Amino acid sequence: EGDHVKIYYPLIPFSWLYGFGVTVRNIMFECGLLHSESFDVPVISIGNITVGGTGKTPHTEYLINYS
């Protein structure tokens with residue numbers, strides 16, 4: 001209730017695994033094992049970890065039709 005965040009304790013180990021994976025990925029970028037890609041045109045990335053129902057498709061259509 002209120003502004004409190006509900007914690008689902010059984011999912012905590014998965015958050016540790018996710019954090020470990022992100023840390024390893026960042027280290028690989030820093031060591032040069034992974035490389036980022038550059039493009040000659042501006043790129044807009046639309047999306048996040050949520051799948052469905054967040055309005056990505058309508059937003060993309062709006063950006064495509066924006067003049």
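Numbering starts at 1 and runs along the sequence shown. Values below: all heavy atoms of this structure, side chains included; hydrogens, waters and symmetry mates excluded. Keep in mind that this is a model prediction, so the values were computed, not measured.
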* Taking everything shown except Tyr18 itself, do over 12 heavy atoms lie less than 6.0 Å from its OH? -> no
* **Leu33: partners by side chain to side chain contact (heavy atoms under 4.5 Å, CB included), with sequence neighbours left out** => Met28, Cys31
* Structure fact -> Phe20 meets the side chain to side chain contact (heavy atoms under 4.5 Å, CB included) criterion, sequence neighbours left out, with Val24
* Verify the cluster assignment for Ile64 and Val41: are they in a single hydrophobic cluster under the rule of side-chain heavy atoms below 4.5 Å apart? => no
* Any Ile7 side-chain heavy atom under 4.5 Å of Ile12 side chain -> yes
* To do: Report the distance from atom CD1 of Ile44 to atom CG of Leu63, rounding to the nearest 0.5 Å.
  => 5.5 Å
* Asked: Mind checking what makes side chain to side chain donor-acceptor pair (under 3.5 Å) contact with Thr54, not counting sequence neighbours?
  -> Lys56
* To do: Indicate, with yes or no, if Phe14 and Tyr8 share a hydrophobic cluster defined by side-chain heavy-atom contacts under 4.5 Å among Ile, Leu, Val, Met, Phe, Trp and Tyr.
  => yes
* To do: Kindly compute the distance separating CH2 (Trp16) from OG1 (Thr23), expressed to the nearest 0.5 Å.
  => 14.5 Å
* Asked: When rounded to the nearest 0.5 angstrom, what distance separates CG in Leu17 from CG in Leu11?
  -> 11.5 Å
